[in-house]
Amino acid sequence: KGIEISKGFPSVLIDRIFDFYLLIIFGSIGIIKFDIDRNFFQFFNFILIAMMLFPLLALNKKIIRFVMYWIFKFTLAQKIKSKVSNSFNVFHSEINKIINLNLIITGAFTMIGNLIIFLQYYLIVKGLNINLDFINIILFMTITSLVSLIPISIGGIGTRDGILIYLFSLFNLGAEKAVSLSILIFVIIYIGVGVLGFISWIMFPFKKTTNFEKLLSNK
């Protein structure tokens with residue numbers, strides 16, 4: 001579309017922040033409800049607090065300028081300082097345009113989108129004949145998603161299995177059911193959606209979509 005990254009990235013960032021804080025809210029509720037062992041989550045709590053603060057710091061212009069100053073001072077990035085500074089100004093200008101009352105609507109769509117994802121999880125759980133209600137499934141999966149954000153595996157493989165085994169043990173559910181659920185989530189949610197996206201890309205590649213939109217605009 002010819003849109004600069006500094007202009008396009010703010011909308012993506014805001015979208016991710018909405019998803020992220022929704023996970024934090026439900027995940028925190030789950031940790032409290034299930035009275036999860038604090039020692040088990042001691043390191044995770046530290047990571048969680050850091051992840052909560054990072055988006056807020058990233059949106060603070062003064063803090064980012066301070067960080068950029070020291071990066072430029074001690075690296076070879078000084079050569080591209082003017083270009084980076086310009087992109088930085090554009091980025092924060094676009095952020096300021098996005099942050100308004102319309103974000104309430106964005107929040108509503110975020111809830112609807114995540115509700116659909118939770119429904120997918122619910123159907124997978126019921127397909128495995130696992131005795132969990134919808135609310136507990138939401139809390140389980142948000143905690144699992146938060147832990148999977150820790151960059152120690154690819155696609156949450158391993159970390160998702162481990163946390164599901166732990167959470168299932170709180171309800172006297174076997175580890176084999178937790179692993180089965182984890183595998184199906186990876187196959188259906190990750191690989192399945194990826195395959196659908198690939199098929200869509202082949203059928204409607206970006207250039208064709210762009211030309212089609214131009215044709216509509218001309219009409």
Side-chain angles (χ1 to χ4, degrees), residues 12-59 103-104 106-194 197:
V12 178
L13 177 63
I14 295 295
D15 173 57
R16 293 295 86 193
I17 288 176
F18 267 97
D19 287 336
F20 178 65
Y21 281 108
L22 185 68
L23 287 179
I24 289 177
I25 292 171
F26 283 111
S28 300
I29 293 172
I31 291 173
I32 295 172
K33 178 183 178 181
F34 302 135
D35 193 24
I36 295 175
D37 184 6
R38 292 184 179 181
N39 292 325
F40 181 84
F41 274 90
Q42 187 173 7
F43 175 72
F44 171 69
N45 287 334
F46 172 77
I47 298 295
L48 184 61
I49 292 172
M51 290 190 298
M52 287 176 64
L53 292 176
F54 177 76
L56 298 178
L57 297 178
L59 298 179
L103 288 182
I104 297 175
T106 304
F109 276 111
T110 300
M111 290 291 294
I112 294 172
N114 279 275
L115 185 62
I116 293 173
I117 296 174
F118 293 141
L119 180 59
Q120 290 178 298
Y121 291 142
Y122 176 77
L123 293 175
I124 295 172
V125 168
K126 290 304 175 184
L128 291 171
N129 292 320
I130 299 174
N131 187 26
L132 284 174
D133 59 47
F134 187 60
I135 299 299
N136 282 329
I137 291 171
I138 291 176
L139 299 179
F140 269 35
M141 298 317 303
T142 48
I143 294 173
T144 303
S145 297
L146 281 172
V147 175
S148 298
L149 289 176
I150 302 175
I152 56 176
S153 70
I154 300 175
I157 298 175
T159 54
R160 181 174 50 250
D161 304 278
I163 191 61
L164 279 176
I165 290 173
Y166 175 82
L167 292 171
F168 271 42
S169 68
L170 301 178
F171 284 72
N172 295 318
L173 296 172
E176 67 282 355
K177 292 186 176 181
V179 174
S180 298
L181 175 60
S182 180
I183 293 173
L184 279 179
I185 287 173
F186 180 75
V187 172
I188 296 173
I189 304 298
Y190 289 85
I191 297 179
V193 172

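Residue numbers count from 1 along this sequence. All heavy atoms count here, side chains included; hydrogens, waters and symmetry mates do not.
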Applying side-chain contact (heavy atoms from CB on, under 4.5 Å), name anything that partners [X], two or more places apart in sequence or on another chain.
X	value
V193	none
I191	F186, V195
T106	F18, L103, T110

> Roughly how far apart are I124 CD1 and S182 OG, rounded to 0.5 Å?
Replying inline: 10.5 Å

>> Measuring from atom CG of L164 to atom NZ of K177, what distance do you get when rounded to the nearest 0.5 angstrom?
In response: 13.5 Å

>> Tell me which one of I183, I188, I189, V187 satisfies side-chain contact (heavy atoms from CB on, under 4.5 Å) with I185.
In response: I189

>> So, applying side-chain contact (heavy atoms from CB on, under 4.5 Å) with F168, which one of V179, I163, L173 is it?
In response: L173

> Which salt bridge (Lys or Arg N to Asp or Glu O under 4.0 Å) pairs, counting each pair once, include a residue from residues 18-31, with sequence neighbours left out?
Replying inline: R16-D19

> Given the rule in the side chain to side chain contact (heavy atoms under 4.5 Å, CB included) test, do Q120 and I117 qualify, once you have shown the distances and angles that lead to the verdict?
Replying inline: CA-CA 5 Å; Q120 290 178 298; I117 296 174; 4.1 Å; yes

>> Would the distance check show the side chain of K126 and the main-chain N or O of L132 forming a donor-acceptor pair, the cut-off being under 3.5 Å?
In response: yes

>> I need the full list of ring-ring contact (aromatic ring centres under 6.0 Å, His included) pairs touching residues 114-136, with sequence neighbours left out, sorted by first then second residue.
In response: Y122-F134

> Would you say the side chain of V12 lies within less than 4.5 Å of the side chain of D15, judging by non-hydrogen atoms?
Replying inline: no

> Taking all non-hydrogen atoms of both residues, which atom of S180 and which atom of L128 are closest, and how far apart?
Replying inline: C-CD1, 4.1 Å

> How far apart are the closest heavy atoms of T144 and R160, and which atoms are they?
Replying inline: CG2-CG, 3.3 Å

N/O donor to acceptor pairs below 3.5 angstrom from side-chain atoms of residues 136-143, sequence neighbours left out:
residue, atom, partner, partner atom, Å
N136, OD1, K33, NZ, 2.8
N136, ND2, D133, OD1, 3.4
N136, ND2, D133, OD2, 3.3
T142, OG1, I138, O, 3.0
T142, OG1, L139, O, 2.9

